[in-house]
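First up is the structure itself, then whatever we jot down about it.
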Amino acid sequence: MKNKKYYITTPIYYPSGKFHVGHCYCTVVADTIARYKRLRGYDVFFLTGTDEHGQKIEQKAKDAGKTPKEYVDDIVKDTKNLWSILGITYDKYLRTTDTEHVKCVQKIFERLYNQDDIYLSSYEGKYCTPCESFWTESQLIDGKCPDCGRDVGVVKEESYFFRLSKYQDKLLQYYKKNPDFLEPISRQNELINNFFDKGLNDICVSRTSIDWGIKVTFDPKHTVYVWIDALVNYISALGYLTDDKNKMEKFWPADLHLVGKEIFRFHAMIWPALLMALELPMPKKIFGHGWLIVDGSKISKSLGNYKDPRVYINETSVDSLRYYLLHEVTLGQDGNFSEELFLEKSNSDLSNDLGNLVSRVTAMAEKYNQGIIKKSNVYQDYDADLINSASTLVTEIEDLMDNLKISDSLTSIWKLISKANKYIDLSMPWVLAKEEKKERLNTVLYNLIETIRIVAVCLQAYMIETPEKIFNQIGISKDITTWDSAKEFGLLKDGTIVEKGQNLFPRVEIKKENKIVEEVEKNNQKEVVIEEKGYITIDDLAKVQLKVGQIIEVERIEKSDKLYKLLVDLKTEKRVIVSGIVEYYMPEELIGKKIVVVTNLKPVKLRGILSEGMLLAAGDKDVVKLLTFDDANKIENGTNIH
RNA sequence: CGCGGGGUAGAGCAGUUGGCAGCUCGUCGGGCUCAUAACCCGAAGGUCACAAGUUCGAGUCUUGUCCCCGCAACCA
């Protein structure tokens, strides 16, 4: 019998910088679904990749003194390393610079042009010459460029357009007939209310102002714009329009396109329209997931409020990070990520509940029975609860996972873990050992190890190291690690030998307070300092605006050991600045002090309070001294410093 | 009146078709000693943002108000 197939994709990410935990989130979710489907016997094709063309990449590469290709090569190398650390089991990593993809895009472009779905016209828009960017009317701020604040001019550029408007009605009909097509529903509503009600415009699918991209074969001064270049990856990866039709026939249509909410629109509108134009079947589902919010703000490059995800993994383990992303975030909604919460979860759910369970059970097996697990059947009433829950766990997970309730499915695993811990308290194996109730002890240990086996089998969808470690510790053979084997309680063989191993999840000391905040500040400083050479120019220095400020109010921030909320007088205005100097100054020492303030630092929310600047201070871990002035009285608040 | 999401215990969240307000962490008290200062039991803690309405009954439905966040044609 032919296996059922499952085709799942992540977006192809834009490699304009290092990837952060948000990218990991989406990819880990997709990986988990892929693993789950494989466990259930599906033939899975899991696609991810990078969208490597466009002006921004061209610019970034130039800044770094590399060619665009060299630039993206480096990032891709790093990304693949990250994915390998996270245990991402993609079947294909597509790069839009791959020859196959380029050819596919060109052929599609030709075809759509030939059938008049693409036509030549001109794109007219407000253009900021120094920024080399087009802006829409609504993006402009007071009629000026939102990036640099300079005047914009009207510029006409020859462009090819895709007749999106032609597909408007067909799309709407499709949405209505297939209510499961776009999820969550709220995003579908947003899409329809925002765009369809106003009517769809044809979209510009080529640019003459961008060089780094795929050339239009019949008009090479044009470069294919992102819509077609990027979206088409989902079929170019399967070899669409090549001689090898196997994958396309087997896997298309995709079962799930997992995308971020910011690109949901394009996937919900443009992509289906393109597929209609190409007369290909629609994907089964497009799901727009939410974002990770870090300490109240979204992850953003300009805030610099993120770290390399490997930092978190090094502190704990891959499985801790995967667990957090999968369990703490409801798919479809925004989720919270903070280092403190992450470590807390890792300690409580992983170290205390799961890790400790395995540890105490294997320890008892060794201590009381030389690690030998024997089948025996001296039961008590309360055994039934554990055994029932364990034997129905897999079915429960299947129900939830099939509805993409990933977080809930983990919760049901943890409910069983908790039951196992409770079962130990009820059965008190240490008493049984002391009183030499051998047969009952054997039953209890058997039930516990068997429960742990079932938990570990299920965890294979979510975690990459832990299930294997558990299997080794409880000494079981491969045939009872399969998905279906967990549907039956009692497959564990008589005489199985258990060996207590290393702790699965060592507890991590949570250093109270603001590691993360400090990190944010460091990152902000980095923005100003030019990376490699160590020198900055006078212009760079001029970017930093320094003024004399006087501290007029000092307040401790609740629940923070290190932070003061300061009100600083800059003569023309008073600003709130949050500063981590509690350890070094008493409030009364600070009041009235004249200090150096960075006034054009991007505001950051710290502990929920908007900090609109930064104080300059000298020091290291032990000593911190604020920069002050010799003759403070003689210098006025608000004076510029150069 | 551009669109969408949110406001539920100290924190982070869940609440399906309206039917006694829940989960995890933290706090407090107790138990246990197999285990990673872990595990188990119990308790405290909420005007479900506010106001009005529908209803026998509203966190849930309707209307209005306030506040937070995101999107507004390439930030996962």
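Values reported hereafter were calculated over all heavy atoms of this structure, with side chains retained and with hydrogens, waters and symmetry mates removed. Residue numbers start from 1 in every chain, and the chains themselves are labelled A, B, ... in the order their sequence lines are given, proteins ahead of strands.
The side chain of A:Asp349 sits closest to B:U24 out of B:U36, B:U24, B:A76. Nearest nucleotide to the A:Asp425 side chain, out of B:U24, B:U36, B:C34: B:C34. When each of B:C39, B:U36, B:A76 is scored by its nearest atom to the side-chain atoms of A:His23, the top-ranked nucleotide is B:A76. Relative to the side chain of A:Ile424, the nucleotides B:C34, B:A76, B:C71 differ in distance, and B:C34 lies closest. Here the nucleotide nearest the side chain of A:Asn356, chosen from B:U24, B:U36, B:C34, is B:U36. Considering only side-chain atoms of A:Phe505, the nucleotide from B:U36, B:A76, B:A72 that sits closest is B:U36. Of the candidate nucleotides B:C34, B:G12, B:U36, B:U36 has the atom lying nearest to any side-chain atom of A:Lys500. Listed nucleotides B:U24, B:A35, B:C39 differ in distance to A:Asn421; the shortest reach to its side chain belongs to B:C39.
Under the Watson-Crick or G-U wobble criterion, with both distances below 3.5 Å, B:G42 is paired with B:C28. For B:C71, the paired nucleotide is B:G2, the pair qualifying as Watson-Crick or G-U wobble because both relevant distances are below 3.5 Å. Nucleotide B:A14 forms a pair with no other nucleotide shown, judged by Watson-Crick or G-U wobble geometry with both contacts under 3.5 Å. Under the Watson-Crick or G-U wobble criterion, with both distances below 3.5 Å, B:C20 is left unpaired in every strand shown. The partner of B:C34 cannot be assigned: no Watson-Crick or G-U wobble pair with both contacts below 3.5 Å exists in any strand.
What separates CG of A:Asn442 from P of B:C34 is a distance of 18 Å, to the nearest Å. For the pair A:Ile452 CD1 and B:C34 P, the computed distance is 17 Å after rounding to whole Å. Atom CD1 in A:Ile406 sits roughly 18 Å away from atom P in B:C13 (whole-Å rounding). The separation between A:Lys405 atom NZ and B:C13 atom C1' is 15 Å, rounded to whole Å. At whole-Å resolution of the value, CD1 in A:Ile470 and P in B:A35 are 19 Å apart. Here the P atom of nucleotide B:U24 and the CD1 atom of A:Ile417 are 14 Å apart, to the nearest Å. Between the C1' atom of B:A35 and the CG atom of A:Leu504 lies a distance of 12 Å, rounded to the nearest Å. Nucleotide B:C32 holds its P atom 12 Å from the NZ atom of A:Lys434, rounded to whole Å.
Counting non-hydrogen atoms under 4.0 angstrom, A:Gly22 reaches a base of the nucleic acid. Heavy atoms of A:Tyr13 sit under 4.0 angstrom from primed sugar atoms or phosphate atoms, though from no base atom. Note on A:Asn503: a base of the nucleic acid sits closer than 4.0 angstrom, heavy atoms only. Within 4.0 Å of A:Asp51, counting heavy atoms only, lies no atom of the nucleic acid at all. Residue contacts for A:Ile263: at a heavy-atom cut-off of 4.0 Å it reaches the sugar-phosphate backbone alone, with no base atom in range. At a threshold of 4.0 angstrom between heavy atoms, the contacts of A:Phe19 with the nucleic acid are absent. A:Trp414 comes within contact range of no nucleotide atom at all, as no heavy-atom separation falls under 4.0 Å. Backbone-only contact: A:Ser348 has heavy atoms under 4.0 Å from sugar-phosphate atoms and none from a base.
Cation-pi geometry between A:Lys60 and A:Tyr71 is not satisfied (NZ or CZ under 6.0 Å from the ring centre, within 45° of the ring normal).
When A:Thr27, A:Thr10, A:Thr79 are each tested for a side-chain hydrogen bond (donor to acceptor under 3.5 Å, both in side chains) with A:Thr48, only one passes: A:Thr10.
Sequence order on RNA chain B of the closest nucleotides to A:Met428 and A:Asp408 puts A:Asp408 first from the 5' end. Residue A:Val361 is the one, among A:Val361 and A:Lys422, whose nearest nucleotide of RNA chain B lies closer to the 5' end (criterion: closest heavy atom).
Using the six-membered ring where Trp is involved, A:Tyr324 and A:Phe342 have ring planes that are perpendicular, over 60° apart on the 30 and 60° scheme. The aromatic rings of A:Tyr175 and A:Phe181 lie parallel to each other, with less than 30° between the two planes, well short of the 60° mark. Using cut-offs of 30° and 60° on the angle between ring planes, the pair A:Tyr234 and A:His257 is tilted.
Proximity of the aromatic rings of A:Tyr312 and A:Phe337 is defined here by a centroid distance below 6.0 angstrom, and this criterion is met. For A:Tyr323 and A:Tyr462, the distance between ring centers is not under 6.0 angstrom.
B:C71 and B:A76: their P atoms are spaced 12 Å apart (whole Å). Across the C1' atoms, B:A35 and B:C40 are found 13 Å apart, a figure rounded to whole Å. Here the separation of B:G22 from B:U16, taken at their P atoms, is 14 Å to the nearest Å. For the P atoms, the distance from B:A49 to B:G12 is 15 Å, rounded to whole Å. Taking atom P on both nucleotides, B:G29 is separated from B:A14 by 32 Å, rounded to a whole Å. Comparing B:U17 with B:C28, their P atoms are spaced 40 Å from each other, to the whole Å. B:A58 and B:C13 are spaced 28 Å apart, taking the P atom of each and rounding to whole Å. Remark: the separation of the P atoms in B:G26 and B:C68 is 32 Å, to the nearest Å.
For B:A73, the OP1/OP2 oxygens have no side-chain nitrogen or oxygen of A:Asn201 closer than 4.0 Å. When the side-chain nitrogen and oxygen atoms of A:Arg360 are compared with OP1 and OP2 of B:A38, none of them lie within a distance under 4.0 Å.
Electrostatic pairing of A:Asp51 and A:Lys56 does not count as a salt bridge here, judged by no charged N lying under 4.0 Å from a carboxylate O.
Distance alone, capped at 3.5 Å, places no donor-acceptor pair between the A:Asn403 side chain and the A:Lys405 backbone.
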